[in-house]
Undergrad: 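Handing you this structure, nothing more for now.
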Amino acid sequence: MLVKKRLFVCRSYYHIYCAVKCSDKFSQTTILCIDYQLDKKKLQRMKERIEKIFSNIKVIISTKSYKDVKSKLNNDYDEIYLFHWVVYKMPEMYIYMRFKNSIFYMIEDGVNHYGGIQKSIINKKIYLKYLINYLLIRRKDLVLKDNVKNIYVTYLDKYPEYMKEKLVLLETIFNKDINEELLDIFEINIPRIDNAKIAIVLTQPLSEDGFISESKKIEIYMETVNELVKKGYLVFFKSHPREKTKYSFSTDVVVLDKDFPAEILNFTGIKFNIAVAVSSGSLETINADYKIKLFPEFFDIVDYNTMNINVRDKLKNII
């Protein structure tokens, strides 16, 4: 049987998670990790563990410089997978131009991937994206190019009509037999919890991405944790990998390492009684009895300076 040679261009731990989950014995996978937003020491350890566990996966660590990427890639890839659906950023631009005769596949960058950009009125990213795409590839969206075969997403109905014929459910290409291996790759060791009400708070890089101030973000998450503790919950706190904020809790809170995708928690055997986030797409995949989005329409906001989240009111009806 012909072995397919695949290249995944990854900028986050979630991307690496997806790349590993997509691997199978019929493919030779190369994971290109762009390290500018990742912990380099952890990334190196992860590379070593992945290559030790999976003989068919090679991990390449690179900067986003096209010269660095160019020196580390060969010319022999049948399929190329991108999480950033753009060709005006490096290294995606370089990779698309260099391998334009290959078949491309797009994977959503989390459940909120497309909606977050579509509804971002404050910086009008979507208009800029369309303009640059027209100039570079004569299409308003990279997914419309003939060499883009499929777009892998979580919810088909969240995407515009012009993408419909290429949309495929992401879970259909995931290898469901490697969950234990993923726990090893990301060094997940969750303490055993018995006879306790358990909650988890999932954060987002809301200040890092310029939506609200860091102080406002901290206020929202601290109030959330405090309300849950008052209600008798043991709270797990999971920061987003791209966050730079250092949180400090006076109460007894289990602070998880931030350098892994929240989806990995589903393989630990823990079922949370309640999971809370501002609007994180990870909330939709977490194993919890009750899931609360404090502000589901966060990306619809026109003026973030007037935004008000009443955390106590949102959590008042939970047991």
Side-chain angles (χ1 to χ4, degrees), residues 10 12-25 31 39 42-43 45-54 57 107-108 110-112 152 154-155 169-204 221 224-225 227-229 231-241 243 247 249 251-278 280-294 315 318-319:
C10 300
S12 74
Y13 297 113
Y14 174 73
H15 299 171
I16 297 171
Y17 158 80
C18 287
V20 174
K21 284 282 279 182
C22 290
S23 67
D24 58 49
K25 62 183 179 181
I31 301 176
D39 184 300
K42 289 184 178 180
L43 194 57
R45 292 202 306 272
M46 189 177 297
K47 166 185 165 65
E48 293 168 0
R49 290 193 298 275
I50 290 174
E51 293 181 342
K52 181 179 180 180
I53 295 171
F54 299 99
I57 301 179
I107 300 178
E108 67 178 8
V111 173
N112 288 335
Y152 295 108
T154 305
Y155 299 111
L169 286 173
L170 178 58
E171 64 180 13
T172 62
I173 60 169
F174 273 175
N175 184 343
K176 298 179 175 59
D177 298 324
I178 59 170
N179 295 344
E180 289 295 326
E181 289 84 349
L182 284 163
L183 291 175
D184 291 337
I185 288 170
F186 286 95
E187 296 182 300
I188 306 301
N189 185 20
I190 306 295
R192 181 180 176 84
I193 306 296
D194 295 314
N195 302 318
K197 295 195 301 182
I198 309 173
I200 186 167
V201 176
L202 302 170
T203 75
Q204 293 166 257
Y221 291 128
T224 301
V225 169
E227 285 297 314
L228 291 169
V229 170
K231 292 178 180 291
Y233 285 89
L234 173 63
V235 179
F236 284 74
F237 191 84
K238 170 69 173 70
S239 294
H240 189 280
E243 271 198 281
Y247 295 92
F249 301 97
T251 55
D252 187 15
V253 176
V254 180
V255 180
L256 300 174
D257 181 61
K258 71 185 183 74
D259 293 320
F260 69 89
E263 288 79 3
I264 297 289
L265 291 170
N266 292 332
F267 310 143
T268 64
I270 292 181
K271 185 175 185 180
F272 298 98
N273 298 101
I274 183 171
V276 185
V278 172
S280 174
S282 295
L283 195 67
E284 301 186 37
T285 61
I286 205 77
N287 189 11
D289 293 323
Y290 299 98
K291 303 175 184 182
I292 297 177
K293 287 190 177 183
L294 300 175
L315 300 180
I318 68 171
I319 301 174

Undergrad: So which atom in Q204 and which in V278 form the shortest heavy-atom distance, rounded to 0.1 Å?
TA: OE1-CB, 3.5 Å
Undergrad: Can you give me the closest heavy-atom contact between V253 and V235, atom names plus distance?
TA: CG1-O, 3.3 Å
Undergrad: What do the steps show when you test V225 against F237 for side chain to side chain contact (heavy atoms under 4.5 Å, CB included), and what is the final call?
TA: CA-CA 8 Å; V225 169; F237 191 84; 3.7 Å; yes
Undergrad: Only one of L234, V201, I200 clears side chain to side chain contact (heavy atoms under 4.5 Å, CB included) with L228; which?
TA: V201
Undergrad: Can you tell me how far apart OG1 (T154) and CD1 (I107) are? Round to the nearest 0.5 Å.
TA: 10.5 Å
Undergrad: Donor-acceptor pairs under 3.5 Å, side chain of residues 259-267 to any protein atom, not counting sequence neighbours: which ones?
TA:
unit_1 : atom_1 : unit_2 : atom_2 : d
D259   : OD2    : K42    : NZ     : 2.7
N266   : OD1    : N287   : N      : 2.9
N266   : ND2    : T285   : O      : 2.6

Undergrad: Between E284 and K293, is the closest basic N to carboxylate O distance under 4.0 Å?
TA: yes
Undergrad: Do I50 and I16 come within less than 4.5 Å of each other through their side chains, counting heavy atoms only?
TA: yes
Undergrad: Identify the two heavy atoms, one from Y233 and one from I274, that lie closest to each other, and give their separation to 0.1 Å.
TA: CE2-CG2, 3.7 Å
Undergrad: Could you grab the distance from atom SG of C22 to atom OH of Y152, nearest 0.5 Å is fine?
TA: 8.0 Å
Undergrad: Would you please name every residue forming a side chain to side chain donor-acceptor pair (under 3.5 Å) with K258, sequence neighbours left out?
TA: none
Undergrad: Among pairs that include at least one residue of residues 265-278, which meet salt bridge (charged side-chain N to carboxylate O under 4.0 Å, His left out), considering only residues two or more places apart or in two chains?
TA: K271-D289
Undergrad: Kindly give the heavy-atom pair with the smallest separation between E227 and L315, and that separation in Å.
TA: CB-CD1, 3.8 Å
Undergrad: Run the side chain to side chain donor-acceptor pair (under 3.5 Å) test against Y17 and tell me which residues pass, sequence neighbours left out.
TA: none
Undergrad: How far does OG of S23 sit from CD1 of I178, to the nearest 0.5 angstrom?
TA: 4.5 Å
Undergrad: Going by the rule ring pair (Phe, Tyr, Trp, His ring centres under 6.0 Å), which residues pair with F186 if we only count those two or more places apart in sequence or in a different chain?
TA: none
Undergrad: Please check if the side chain of N273 supplies one atom and the backbone of I198 the other of a donor-acceptor pair under 3.5 Å.
TA: yes
Undergrad: So, K52 and E48, do they make that salt bridge, N to O below 4.0 Å?
TA: no
Undergrad: Output all residues satisfying ring pair (Phe, Tyr, Trp, His ring centres under 6.0 Å) with F236, sequence neighbours left out; order by chain, then residue number.
TA: F272
Undergrad: Between atom CE of M46 and atom CG of D39, what is the distance when rounded to the nearest 0.5 Å?
TA: 9.0 Å
Undergrad: For K197 and G232, which heavy atoms make the closest approach, and how far apart are they?
TA: CE-O, 3.8 Å
Undergrad: Let me confirm one number: the CD1-CD1 distance from I53 to I185, rounded to the nearest 0.5 Å.
TA: 4.5 Å
Undergrad: Testing the basics here: between K21 and K176, what is the closest heavy-atom pair and its distance to 0.1 Å?
TA: NZ-CA, 4.0 Å
Undergrad: Atom CG of L256 and atom CD1 of I188: how far apart are they, to the nearest 0.5 Å?
TA: 8.0 Å
Undergrad: Report yes if the side chains of Y247 and V255 come closer than 4.5 Å at any heavy-atom pair, otherwise no.
TA: no
Undergrad: Would you mind reporting whether R49 and D184 have side-chain heavy atoms less than 4.5 Å apart?
TA: no
